[in-house]
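A quick write-up on the structure given underneath.
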Amino acid sequence: MMIYTLNVRGVFPVNCYALINEQSQHGFLVDPGAQGEDILAVIHEKHWQIEKILLTHGHFDHTGAVNFLRQNLDIPILIHENGKDYLQNTTLNLSACCGEHILVDDASFVHDGDYIQLADGSLALKVLHTPGHTPDSVIYYNADGHYALVGDTIFKGAVGSTEYPGGNKTDLAHSLKKIFALPADTILYSGHSRPALLAQEQQRNQRSMSIN
Ligand SMILES: [Zn+2]
């Protein structure tokens with residue numbers, strides 16, 4: 001299993017991730033937020049067979065290239081069921097206030113505890129619902145590989161913002177607890193930072209909570 005980071009940029013820079021089984025070249029694409037043509041060129045150049053697009057939440061900077069890629073790849077789009085409104089509402093998904101008009105059609109919905117697998121079973125990601133930044137935020141956790149795709153719930157050196165529509169501080173605190181219950185050596189791949197080690201973020205979080 002390889003995790004590739006594609007640094008794409010629309011209004012904001014965002015990390016799009018490709019999780020690829022190097023034997024089969026099959027894999028998942030996570031949060032293709034912009035530059036769909038460039039992402040597609042990489043997919044073709046590397047001969048990847050992307051089976052599904054996974055979304056960590058419905059903010060437009062994570063979904064901006066979804067429609068383009070679906071049209072070209074004809075694959076399912078997965079998001080938490082609470083993301084339905086975000087995909088269809090440019091105020092909720094924040095694209096309207098950035099002068100963009102990003103909508104996503106025809107997503108399939110995932111739920112807490114679901115497993116998302118490649119067709120040959122070689123990669124399984126567990127869905128953990130982690131609301132707070134948005135009501136539809138999830139992380140995709142791979143226990144064998146000791147990593148999680150965490151979207152905007154937690155970053156290297158920071159936690160997710162709750163200032164946007166649907167944000168909720170209490171929910172975020174519960175979700176961080178859920179994340180910190182994972183093994184300490186889990187690597188967190190976020191939407192807008194370099195990878196983070198769970199143990200370090202947990203220590204940082206405990207310190208900042210004791211100061212406040
Ligand atoms: Zn976000």
Side-chain angles (χ1 to χ4, degrees), residues 3 5-19 28-36 39 53-69 77-105 107 109-112 116 125 127-141 147-179 187-196 198 201 205:
I3 302 174
T5 307
L6 310 177
N7 302 112
V8 297
R9 190 185 176 103
V11 177
F12 311 112
V14 66
N15 298 326
C16 166
Y17 295 104
L19 312 181
F28 298 128
L29 194 65
V30 182
D31 287 354
Q35 292 181 249
I39 294 172
I53 291 176
L54 314 182
L55 300 175
T56 59
H57 63 300
H59 278 158
F60 83 104
D61 54 325
H62 296 251
T63 66
V66 167
N67 277 349
F68 173 85
L69 290 168
I77 313 299
L78 273 52
I79 189 169
H80 187 269
E81 57 183 335
N82 292 350
K84 198 171 191 174
D85 299 339
Y86 282 73
L87 298 181
Q88 291 299 318
N89 183 319
T90 58
T91 302
L92 275 181
N93 71 34
L94 306 179
S95 61
C97 63
C98 290
E100 304 257 317
H101 189 83
I102 307 287
L103 298 173
V104 176
D105 304 315
F109 300 111
V110 297
H111 309 87
D112 188 63
I116 315 298
L125 299 170
V127 177
L128 299 179
H129 186 210
T130 54
H133 174 64
T134 58
D136 68 335
S137 289
V138 296
I139 71 169
Y140 297 99
Y141 172 57
Y147 66 86
L149 289 306
V150 297
D152 290 356
T153 296
I154 185 167
F155 304 100
K156 186 171 175 62
V159 299
S161 167
T162 54
E163 69 182 282
Y164 304 112
N168 184 302
K169 276 188 180 171
T170 309
D171 287 349
L172 184 71
H174 284 133
S175 294
L176 291 172
K177 239 184 215 172
K178 199 165 172 179
I179 291 172
I187 305 291
L188 308 174
Y189 290 89
S190 82
H192 305 281
S193 74
R194 290 190 296 135
L198 186 145
E201 298 312 312
N205 205 257

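What you are looking at is a predicted structure, and each value in this text was computed from that prediction instead of being measured. Sequential numbering from 1 along the given sequence is applied to the chain's residues. Indexing begins at 1, ligand by ligand and atom by atom, following the structure's order.
- With respect to D112 and K178, a salt bridge is recorded, a charged nitrogen being found less than 4.0 Å from a carboxylate O.
- Between the Zn ion (ligand 1) and the N, O or S atoms of H59, the shortest distance is to ND1.
- Put simply, D152 gets within reach of the Zn ion (ligand 1), with an N, O or S atom under 2.8 Å from it.
- Between F155 and H192, the two ring planes are tilted [angle within 30° to 60°].
- Side-chain atoms of I139 and I179, non-hydrogen and from C-beta on, do get closer than 4.5 Å to each other.
- A 4.5 Å side-chain heavy-atom check between P32 and I53 finds at least one atom pair inside the cut-off.
- Within H57, NE2 is the N, O or S atom that lies nearest to the Zn ion (ligand 1).
- Not one N/O/S atom of H62, from backbone or side chain, sits under 2.8 Å from the Zn ion (ligand 1).
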